[in-house]
Amino acid sequence: MSEPVSEAEIARLVARFYERVRAHPTLAPVFAAAIGEGANEWAAHEEKLCRFWSSLMRRSGAYHGDPYGAHLRLPGLTPGMFGEWLALFEACAAETLPPEMAQAFCERAARVARSLRMGIFERIGG
């Protein structure tokens, strides 16, 4: 990326993505079970994810969580949902970010999805 991504661009991507997640036939129930149905719960989750993406893409150090542990506890999560999540994320990135920036986000998102899927569903001895 030639220009660093701004916090506003991250917030726009995260808002678009979670708007779509809430309407997605397979992802919405899993997210709703984990986050809740209320606007306050979703706003808090989106803020956390803005910090997550800021840490990954801006190296801001704003996120101090455990994505693996959070996903490990999700009831109804299946390996195939990571592909659905990624396709939705890629579409939202393409809609909200300049092409070079969207590509950088999508590459990082693919690594995150692969890492989580492997850690949760493909553990050796698990």
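Computed from a prediction, not measured in an experiment: that's the story for all the values here. Numbering of residues begins at 1 and proceeds along the displayed sequence.
- A pairwise comparison of heavy atoms in Ala102 and Ala93 identifies CB-O, 3.5 Å as the closest pair.
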Checklist entry - So Phe31 and Trp85, ring-ring contact (aromatic ring centres under 6.0 Å, His included) or not? Walk me through it. => result CA-CA 11 Å; Phe31 275 84; Trp85 175 89; 8.4 Å; no

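- A salt bridge links Glu46 with Arg22: at least one charged nitrogen is closer than 4.0 Å to a carboxylate oxygen.
- For Arg108, there are no salt bridge (Lys or Arg N to Asp or Glu O under 4.0 Å) partners two or more places apart in sequence or in a different chain.
- Annotation for Glu9 and Pro98: closest pair OE2-CD, 4.2 Å, computed over non-hydrogen atoms.
- In this structure, Leu116 is not a member of the same hydrophobic cluster as Met118, with clusters built from ILVMFWY side-chain heavy atoms closer than 4.5 Å.
- With rounding to the nearest 0.5 Å, the separation of NE2 in His71 from CZ in Arg117 is 13.0 Å.
- Residues satisfying the salt bridge (Lys or Arg N to Asp or Glu O under 4.0 Å) test with Arg12, not counting sequence neighbours, are none.
- Of all heavy-atom pairs between Gly76 and Val30, the closest is O-CG2, 3.8 Å.
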Residues 62-69 side chain polar contacts: donor-acceptor under 3.5 Å, at least two apart:
from	atom 1	to	atom 2	distance (Å)
Tyr63	OH	Asp66	N	3.4
His64	NE2	Gly61	O	3.0
Asp66	OD1	Tyr68	N	3.4
Asp66	OD1	Gly69	N	3.0
Asp66	OD2	Gly69	N	3.3
Tyr68	OH	Gly119	O	2.9
Tyr68	OH	Arg123	NH1	3.3

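- Distance check: Ile10 CD1 to Arg51 CZ gives 12.0 Å after rounding to the nearest 0.5 Å.
- In terms of the salt bridge (Lys or Arg N to Asp or Glu O under 4.0 Å) criterion, Glu41 has no residue partners (sequence neighbours excluded).
- Here the straight-line distance linking atom CZ of Arg58 with atom OG of Ser6 works out to 7.0 Å at 0.5 Å rounding.
- When atom types are taken as modelled, the side chain of Thr96 and the backbone of Cys92 share a donor-acceptor pair closer than 3.5 angstrom.
- Scanning for side-chain contact (heavy atoms from CB on, under 4.5 Å) contacts around Thr78 gives Met81, with sequence neighbours left out.
- Between Leu49 and Phe17, the closest side-chain pair of non-hydrogen atoms is not below 4.5 Å.
- Contacts of His45 classified as ring pair (Phe, Tyr, Trp, His ring centres under 6.0 Å), with partners at least two apart in sequence or in another chain: Tyr18.
- Across Ala11 and Cys50, no two heavy atoms sit closer than the pair CA-SG, 3.7 Å.
- Considering CG of Leu88 and CD of Glu19, their distance stands at 10.0 Å, rounded to 0.5 Å.
- Closest of all the heavy-atom pairs between Ala28 and Val21 is CB-O, 3.3 Å.
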Checklist entry - Is there a salt bridge (charged side-chain N to carboxylate O under 4.0 Å, His left out) between Arg114 and Glu122 once you walk through the steps? => result CA-CA 10 Å; Arg114 184 174 51 251; Glu122 301 170 21; over 6 Å; no

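- His24 has its side chain out of reach of Arg20: every pair of non-hydrogen atoms, C-beta onward, lies at least 4.5 Å apart.
- The CG atom of Leu77 lies 11.5 Å from the OG1 atom of Thr26; values are rounded to the nearest 0.5 Å.
- The minimum heavy-atom distance between Phe121 and Phe82, with the atom names listed, is CE1-CE1, 3.6 Å.
- If you take CD on Glu37 and CH2 on Trp42, they are separated by 8.0 Å, rounding to the nearest 0.5 Å.
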